[in-house]
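Please read the structure below before turning to the comments.
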Number of protein chains: 2
Amino acid sequence: MKVLVLGGDGFCGWPTALHLSARGWDVTVVDNLSRRNIDNELEVRSLTPIRTMGERIAAWKSISGRTIDFVNMTVGKEFDRLVALIRDLKPDSVVHFAEQRAAPYSMKSARHKLYTVDNNINATHHLLAAIVESGQDVHLAHLGTMGVYGYGTAGLRIPEGYLKVTVDTDNGPAEQEILFPPNPGSIYHMTKTQDALLFQFYARNDSLRITDLHQGIVWGTQTEETRQDERLINRFDYDGDYGTVLNRFLMQAAVGYPLTVHGTGGQTRAFIHIQDTVRCVELALNNPPRAGERVKILNQMTESHRVRDLATLIADVTGAEIAHVANPRQEADENELVVANDQFRDLGLKPITLKQGLMDEVTDIARRYADRVDPARIACVSSWNARRAEAVAAEAGTQPAPPRPEARPKPRLVRPA
Amino acid sequence: MKVLVLGGDGFCGWPTALHLSARGWDVTVVDNLSRRNIDNELEVRSLTPIRTMGERIAAWKSISGRTIDFVNMTVGKEFDRLVALIRDLKPDSVVHFAEQRAAPYSMKSARHKLYTVDNNINATHHLLAAIVESGQDVHLAHLGTMGVYGYGTAGLRIPEGYLKVTVDTDNGPAEQEILFPPNPGSIYHMTKTQDALLFQFYARNDSLRITDLHQGIVWGTQTEETRQDERLINRFDYDGDYGTVLNRFLMQAAVGYPLTVHGTGGQTRAFIHIQDTVRCVELALNNPPRAGERVKILNQMTESHRVRDLATLIADVTGAEIAHVANPRQEADENELVVANDQFRDLGLKPITLKQGLMDEVTDIARRYADRVDPARIACVSSWNARRAEAVAAEAGTQPAPPRPEARPKPRLVRPA
């Protein structure tokens, strides 16, 4: 079985490439290294010392004996190369991670908004058009986000992509199943709702086989494969743009920086460990939809938590302080979130829970590489609109800034349970 | 009152620019002349002899004494110029026609699909981001399409953008108003559903004031202004990609070509005369939403008809023959369509009906310029997918082609009523 992993150099892409290779798939990674280039732009680096693609692939070969191929290509710009690659390689599946994936980065400035829309929509569309053009029967699995649903759905259990509704017609009430009405919270999330329309169209018009994985916020760093050798280590983003909330808390605790909770911290979000991400992708590839079937949508998450509860949990374990800061995001202060994830459970997923995996991460990663943290990059500086920017600036001007750790912070002692 | 008309050289844009100028608006047209360039690509030309923008604007000045400014710019590529233009001009409104607007063209090949998505999404997004960046309070009126609703809605009266639905929640059934679930029939229509997500996001996040006009199929050619001088004449597309169904029938009748009905002709579509288009845009500009209000969506159509009924109507009046041909489009053979258009009626729109305006068009335009028709460009050659392409090709191979008019066809006599 052959698979193309688009965006296979990124936080989810690289461990997926390794996981599939370890399970016997012939893996070709396609990536333009944009994530590394954005690190350059933002003047940040992964907490973990990630290696070049060349070194990663060589290390994997020496450890597993297996080859991962790598093509440096911009999906969304180089259509003819993409078609030729699909025609030559004849992959059974393509996993599509090749999008700009940070909400704060997508809201950073007009230029970042334009880049995110242009990059993500053209990447997805080039891929769909290329599969049609190639004439190959390829299953496409796309990494989407729980964020397409929005978080304003009180009392409603979020289904897997499609929602049963009743509408009034001239013939009385009629039941219909519709794509869940999207309510994206950032330009990034919005591009995923635009992707969804592309998927619906190509599944209907061209009978493409498409799976859209609506993923929760990923936490953790390592998988069975990435921990086999330090040269295979996965990236860990802690900066205000790319760092995800739970990994940021873990890092902040490790370096003695207060846990930065936006607003009340009443936002409820869905989570999944990176190890479960790669398992879910494998399960999705092994259970594709049939040609002519509608787009298969799975909620790729394993548990939901309120942000302030996460902060309290980590503060209790590590002794970290909590700092409530102005929220740069335009979003509700408080929301509920109940999510269906029956399909992956039915396929046999045994989730790694937060309680089970939490301490490993603190010990293994956040503390081990704490001296690589640049504290100046921790704050979230991308505001959603002028009003939020003013609130953040006002707080910075009128309130004392949260206490800064030293330049080379030392881990704090774990408070006994 | 100042207005920017993006795409003001096109079929709807040019008469809109004239109409608003005639009503006292200071009009600046922005256009990159892409529609004329596509004529070059397709080796077709407008049935009517349209003039250059320079000649059009000079003619309007000499007739009305009013100035229309023109900026040759690609919206969606030249962000900084667009921001500077909005900052300098400080328009009250922007009318956004600057998109590739033909469904068959959007399905012509992979390259045309890619162009349509890239062009339309980036044009709309650049405009939204530029308004935010400019800091100006500008009302944006966008030309959308009835096609975003899809045509599979038996028994449901299509509302104006938003649909009341009932969903089951843990607390019992709950009523919600959602954006009408889109069901676009081509890549072109799909881009308009992606635009809609952009509008929803920017209205919510940045309190932009946005009106989305879901327009029916436009017919007719001339408006009060364009008929004042032949140098102001509007374009009339009859070719298989850009010609719309009713104008194509009128042209076919005028040159003695059979009326080409796709499949059974059971497709029901919404229609509007070009004169009503420009009136509706004016009404929309004069009735903008308030900042913070949701996107205002109006159905810009005045009547619905089944395609085969239109063909019969025109055949009865003109004596034209009807030819049923294989449908290159992936669509239902038959559909109902009942549409709400209360908002424009409440604003005082008095529609031009088909019966009332039909004969003027046949006489004034289609016959007058009949010797400009290239019969080789009448057939629809863009198929939606491989299956439809095969059906079209099979028909061409096994059935006699429809009778061809002479190279310089003469109008047929109108059959007495």
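Below, chain A is the first sequence line, B the second, and so on; all start at residue 1. Given the structure is predicted, the values throughout are model-derived calculations rather than measurements.
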Contacting region of [X] [heavy-atom separation from chain B under 4.5 Å]:
{"X": "Glu133(A)", "result": "side chain"}
{"X": "Ile187(A)", "result": "both"}
{"X": "Pro181(A)", "result": "side chain"}
{"X": "Asn122(A)", "result": "side chain"}
{"X": "Asp168(A)", "result": "backbone"}

Lys/Arg N to Asp/Glu carboxylate O, Asp118(A) vs Lys77(A), below 4.0 Å: yes
Charged N-O contact under 4.0 Å between Glu334(B) and Arg306(B): yes
I'd like to verify something: which residue of [options] has the highest number of heavy-atom pairs under 4.5 Å with chain B?
{"options": "Thr193(A), Asp195(A), Thr191(A), Val83(A)", "result": "Thr193(A)"}
{"options": "Pro173(A), Ser186(A), Gly185(A)", "result": "Ser186(A)"}
{"options": "Leu198(A), Ile121(A), Asp206(A)", "result": "Leu198(A)"}

Rounded to the nearest 0.5 Å, how far apart are [atom1] of [X] and [atom2] of [Y]?
{"X": "Gln267(B)", "Y": "Glu331(B)", "atom1": "CD", "atom2": "CD", "answer": "4.5 Å"}
{"X": "Tyr149(B)", "Y": "Glu160(B)", "atom1": "OH", "atom2": "CD", "answer": "6.5 Å"}
{"X": "Arg269(A)", "Y": "Glu303(A)", "atom1": "CZ", "atom2": "CD", "answer": "15.5 Å"}
{"X": "Ile158(B)", "Y": "Leu156(B)", "atom1": "CD1", "atom2": "CG", "answer": "6.5 Å"}
{"X": "Met73(B)", "Y": "Glu78(B)", "atom1": "CE", "atom2": "CD", "answer": "6.0 Å"}
{"X": "His96(B)", "Y": "His142(B)", "atom1": "NE2", "atom2": "NE2", "answer": "4.5 Å"}

Region of Pro184(B) that comes under 4.5 Å of a non-hydrogen atom in chain A: both
Engaged part of Leu163(B) at the chain A interface, taking heavy atoms whose separation is under 4.5 Å: side chain
What option among [options] has the most heavy-atom pairs under 4.5 Å with chain A?
{"options": "Val167(B), Thr166(B), Asp170(B)", "value": "Thr166(B)"}
{"options": "Val132(B), Asn183(B), Leu179(B), Leu128(B)", "value": "Asn183(B)"}
{"options": "Lys164(B), His125(B), Arg387(B), Arg388(B)", "value": "His125(B)"}

Residues 99-115 of chain B: residues contacting chain A (heavy atom under 4.5 Å, by number): Met107(B), Ala110(B), Lys113(B), Leu114(B)
Exercise: do Gln330(B) and Arg204(A) side chains pair donor with acceptor under 3.5 Å: no
Exercise: identify the closest heavy-atom pair between Ile297(A) and Gly161(A): CG2-CA, 3.5 Å
His126(B) and Phe79(B) aromatic ring geometry - parallel, tilted or perpendicular at 30°/60° bounds: perpendicular
Donor-acceptor contact below 3.5 Å, side chain Lys192(A) vs main chain Leu143(A): yes
